[in-house]
Amino acid sequence: MAVRPGLWPALLGIVLAAWFRGSGAQQSATVANPVPGANPELLPHFLVEPEDVYIVKNKPVLLVCKAMPATQIFFKCNGEWVRQVDHVIERSTDGSSGLPAMEVRINVSRQQVEKVFGLEEYWCQCVAWSSSGTTKSQKAYIRIAYLRKNFEQEPLAKEVSLEQGIVLHCRPPEGIPPAEVEWLRNEDLVDPSLDPNVYITREHSLVVRQARLADTANYTCVAKNIVARRRSASAAVIVYVNGGWSTWTEWSVCSTSCGRGWQKRSRSCTNPAPLNGGAFCEGQNVQKTACATLCPVDGSWSPWSKWSACGLDCTHWRSRECSDPAPRNGGEECRGADLDTRNCTSDLCVHTASGPEDVALYVGLIAVAVCLVLLLLVLILVYCRKKEGLDSDVADSSILTSGFQPVSIKPSKADNPHLLTIQPDLSTTTTTYQGSLCPRQDGPSPKFQLTNGHLLSPLGGGRHTLHHSSPTSEAEDFVSRLSTQNYFRSLPRGTSNMAYGTFNFLGGRLMIPNTGISLLIPPDAIPRGKIYEIYLTLHKPEDVRLPLAGCQTLLSPIVSCGPPGVLLTRPVILSMDHCGEPSPDSWSLRLKKQSCEGSWEDVLHLGEEAPSHLYYCQLEASACYVFTEQLGRFALVGEALSVAAAKRLKLLLFAPVACTSLEYNIRVYCLHDTHDALKEVVQLEKQLGGQLIQEPRILHFKDSYHNLRLSIHDVPSSLWKSKLLVSYQEIPFYHIWNGTQQHLHCTFTLERVSPSTSDLACKVWVWQVEGDGQSFNINFNITKDTRFAELLALESEGGVPALVGPSAFKIPFLIRQKIITSLDPPCSRGADWRTLAQKLHLDSHLSFFASKPSPTAMILNLWEARHFPNGNLSQLAAAVAGLGQPDAGLFAVSEAEC
C-alpha cells in the first residue's frame, strides 16, 4: 500500500511511539524490534552508537549514530524525542551491498543537562528504522564534569626518625569523573614503580615504609580529571637523626712520668651525627681520671751475713740480698755478687780418704730422703680424697636448695588514710559510670609512641562505682588503667609526678606537690549527673618530643590533664610556672597543645587572643594560668624576637654532706627558674647525699648564642688544690636555650692537702659571655656547716594532691554565689564585675570575661587559681566591699550556712 509523502513523518512517529511503549523496560544495550513477516536480515544494525560523554565547562557535546540499512534515525533523550530540526542527517548507500545507510548527529548543551540535574541522570539513545522493523541503540549518559577546589583531607607535616614509617593521608576533592591522585616530592613525581620503598594506597595515602634522609622534602597531593588539576597544601616531612656517641678512645698516657697526674679519653657525637633537628648526644664527650705512675726504685744490697762454719773443703762463705730496698717499678738491679767464699785454714787444708763413718753418713741421708718422698705421696692421696668428698657435698647441697626458696608474703596495710574525700551528693547516691578499656598491645618499654586512636571516654573500663581505697593501691590501679589506652602510653609510670581524683559538679582541685602545677575545676564545670576521673601529669622533656623551630624555646613544664574529650561546661584553669622574662617587644609567646595523633599545634598566641576562643591565658611574672574547655597536653613556648629576650636560670651549688676522702666535689646546677625543675634537682641531690652550700641566685640568660661559663677562683693553695685543668668550664648555648635538657651542671673537684682540712673559702663565677653573671663567695666548714640546708626543704602545697568539693576553694560556696548574683548584672553606677576586675588588676581581660555567661565567676575562679592555698580573703572582701553595693550584708553568711 502506498503512503503519501506528507503522511510519512506522522506515520513514522506513531510507529516509533508504539514501539517505545512496548519496549520501555529494555536495557541500554542495542535492541531490535522486527515487523512480523519481514526479513530479519534487513533490520537496521548500528555501525556507530552514542557513547558516554562529559560536558566540560560550557562546551556542548556531540552524539553520533550510524545505522544500515536505515531509512530514518531519531534521537530520544530522557524519554523525549529530540526535535527533527536538531538532527544533522547524512544519507549514503553502501557500495558493496547497495543498502541505504544513515548517519545522524545532535549536540547536547549544558543547559539541557542541568534541567534534569538532581532528578536523574541525563541519557540519550537513537532509534533506526527500516522496512523490516526498528532497532534502538545503547544509552549514552551525559554528565557535567567538575572538580571542586577544596580537598576533603590534606597531608599534614611530620617529623619522623630515621627508618620510621611515614603515612601521608590525602582525600581528593569531589568530582565527576572521580579525580586521579598523584604525589609530588619537591615538585618531582613520586613513582612507586621506581622506588619499592614507596607505595600509594587505594585511599590515595602515600606510604613510605622506612624513612630515609632523602625522604626529607615537601610533599604535595595532586588531584586531576578532565576539568581541572588541584594541588593540596604542601606537607613538610623532616627525617631527623638523633645523635649517637662513638666508642671511647683509649685512655691517654698519664700526664706525669712519676707521681700523681691525670689521663683522659674522648668520644664524639658522630655515630651518627645529629641531623635535621635530631637530639644531640647526652653526656660528656671527655672523661678525665686521676692516675699515679709509680716512680722507679733502684735495688740496694743488704748487709753481709756472718761467715759460715769451715767446711770439709776448707772454705767458708757469706751472702747478701738485693732487698734494701728491692728494685721495683723498673729500677736497676744491684751490681756485684751476692755470695762471697774464702779459705778458712790459710790454704793449709788437708784432704783425707773417706772412712767408714763417711759411708754411714751418706746412707743416712738417702734413707731420710726416701721417707720424705713417701710421706709426701701419702699427704697428696689424702688431700685428693677429701676434695672429692667435699665436691659431692657441695653438689648435693645446691640440688636441695636450688628449687625451694622461702617465700614471704606481707599483707597490705588496710589502715592507710584515704587520699580523696568527697561530700555525698544525695541526688546521685548510686551514680555509676561505664566505659571500655582496651587491652595493652605494647611491651614494657618505658617510652611509647602516640598512635592514631579515638579520644578516650571520660572514664575507664568496666562498670565502676565511686569508692575510696588506700592511696598506693588506688594510684597503681589508676595508672595501670590509663596505660592501657593508646593516648596515655607516654604517661609516666610513677605517681610522684601525677595527681588524680574523682570529681562531680561541685568541682575541685588537682596539684602536683612542689612543682607549681595545679588544675582548678570550678563548680558546674562538670555537668550535673556526671562523675569524671581526672588526672594531672608532669612530663620529663626527654620523654615527649616537642618540635621547636628557629629561635623557639621551652619556657614551661610539659603538662597533661585529661582524659581528653570529656564534656566541660565551664573553663578549667591550668596553672604552671614559666622561666621567661615577659616582654612584648622581646618575646612571641605561644601555647602549644598536642593532638591525639601526636602532632603539636599552636592553639593560642598570647596577646592576640579572641574573646570567644577555646583557650585564654593570664601571664604573670613567673606563672601562667590557662583557661581551657578542652583537656590535653600543653606547653608554653617562646620565640625570641631580639637578643634582649632572656630566660631566668636558677643557679644552685651543692656539695657532699660527708667527705670521707681527700677529694671534694662542688656541683653547680643551671636550671630553669621553675618549681618542677628545682624539685627534680633536690630529689637527685638527696640520692647523691648532697647539701646546698650557698643561697640560690638568678641569672638572666639571653638569646645571644653565647655559651655559659663557670670557673672557680681564690682556692687557698696551702689547704686545697683545684683539679680543674683549664681556666673555666663551659655549657653550650643550645643545651640551655632549647629547654629540653635537665640537670645541666658542672663539677669542680678540689683535693685537700690534709685529711684534717675542713674549712673551705673560694669563689665560683657563673656568667654568659657578653651577658649577665653571678658570683658566689663560699666560706664554710665542710664537716658541720648546714646553714643553707633548710632553704630548699620541700613543703607540701595545700596538703593532699586532690581536693574535692568546697574544701578545694578559699571562698565559701554560698558567699561565692551571692557575689556572682550581685555583680553579674550591669550596674549604671559601676558597682559590677568590671569594677571588681579593675580592683584586682585584671581589667586587661574584660573582653574575655564578658564573653562568658558569668564574668564574675571567671574572675573568682582566676583569683582561686592565683591565691590558693595562701590567699588573703580579707583583701578580696575589701575589694568587693569597696564596690558600694547598697546591701552591706550581702556577702556575709552565718556559720551554720558555711
Side-chain angles (χ1 to χ4, degrees), residues 159 240-246 266-288 539-558 577-581 635-640 643 645-654 666-674 676-678 680-681 684-685 696-711 724 726-748 764-774:
E159 290 188 6
Y240 63 86
V241 179
N242 292 327
W245 287 115
S246 64
S266 62
R267 57 180 178 176
S268 59
C269 188
T270 57
N271 188 29
L275 290 174
N276 298 335
F280 194 80
C281 302
E282 295 184 359
Q284 296 179 344
N285 63 338
V286 176
Q287 281 187 346
K288 296 181 180 179
H539 296 274
K540 293 183 178 179
E542 60 265 25
D543 294 337
V544 179
R545 178 169 175 79
L546 175 63
L548 299 175
C551 299
Q552 289 184 341
T553 178
L554 181 64
L555 297 178
S556 75
I558 302 175
D577 291 346
H578 70 83
C579 63
E581 281 293 306
L636 183 66
V637 171
E639 182 175 4
V643 294
K647 297 172 64 172
R648 294 189 315 276
L649 299 184
K650 178 162 285 189
L651 307 178
L652 302 171
L653 271 63
F654 283 89
I666 298 177
R667 292 180 290 274
V668 184
Y669 287 86
C670 308
L671 50 122
H672 285 177
D673 184 22
T674 58
D676 63 288
L678 179 62
E680 290 285 338
V681 169
L684 175 64
E685 281 297 324
R697 303 281 181 86
I698 299 297
L699 183 142
H700 294 87
F701 190 79
K702 292 186 178 181
D703 181 21
S704 61
Y705 295 98
H706 290 298
N707 297 341
L708 190 71
R709 291 181 178 178
L710 305 93
S711 61
L724 184 64
V726 292
S727 58
Y728 58 84
Q729 300 188 61
E730 202 167 54
I731 300 177
F733 169 84
Y734 178 75
H735 289 186
I736 298 176
W737 193 254
N738 66 4
T740 59
Q741 299 197 30
Q742 292 187 311
H743 312 152
L744 286 175
H745 71 282
C746 288
T747 301
F748 295 98
V764 173
W765 292 352
V766 183
W767 77 100
Q768 185 182 16
V769 179
E770 299 183 9
D772 191 17
Q774 290 288 355

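Predicted model, so just to flag it, every value in this text is computed and none were measured. For this chain, numbers begin at 1 and follow the sequence in order.
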query: Distance from E639 atom CD to D703 atom CG, nearest 0.5 Å?
result: 9.5 Å

query: Side chains of H672 and L649: closer than 4.5 Å at any heavy-atom pair?
result: yes

message: Applying salt bridge (charged side-chain N to carboxylate O under 4.0 Å, His left out), can you list everything that pairs with E282, at least two apart in sequence or on another chain?
response: none

- line: Applying salt bridge (charged side-chain N to carboxylate O under 4.0 Å, His left out) to E680 and not counting sequence neighbours gives none

task: Mind checking the CG-CD1 spacing from D543 to I558? Nearest 0.5 Å is all I need.
output: 9.0 Å

query: Could you state the interatomic distance from CD (Q774) to CG (L651), rounded to the nearest 0.5 Å?
result: 6.5 Å

- line: Hits for disulfide (SG to SG under 2.5 Å) against C746, two or more places apart or cross-chain, chain-then-number order -> none

message: Restricting to salt bridge (charged side-chain N to carboxylate O under 4.0 Å, His left out), what partner residues turn up for D673, sequence neighbours left out?
response: R648, K650

task: Kindly determine whether L710 and F748 satisfy side-chain contact (heavy atoms from CB on, under 4.5 Å), including the steps that lead there.
output: CA-CA 9 Å; L710 305 93; F748 295 98; 3.8 Å; yes

- request: Using the test disulfide (SG to SG under 2.5 Å), find all partners of C670 that sit at least two apart in sequence or belong to another chain.
  value: none

field: Aromatic plane relationship, F733 with F701 - under 30° parallel, 30 to 60° tilted, over 60° perpendicular
entry: parallel

- request: Answer yes or no: does atom CH2 of W765 have more than 12 heavy-atom neighbours from other residues, nucleotides or ligands under 6.0 Å?
  value: no

query: Can E770 and S704 be counted as having a side-chain donor-acceptor contact under 3.5 angstrom?
result: no

message: Between Q742 (side chain only) and A677 (backbone N and O only), is there a donor and an acceptor less than 3.5 Å apart?
response: no

message: Once you measure the plane-to-plane angle for F654 and Y669, does it fall in the parallel (<30°), tilted (30-60°) or perpendicular (>60°) bin?
response: perpendicular

field: Gap separating the CZ atom of R545 from the CD atom of E159, nearest 0.5 angstrom
entry: 5.0 Å

- prompt: Who pairs with H700 by ring pair (Phe, Tyr, Trp, His ring centres under 6.0 Å), at least two apart in sequence or on another chain?
  reply: none

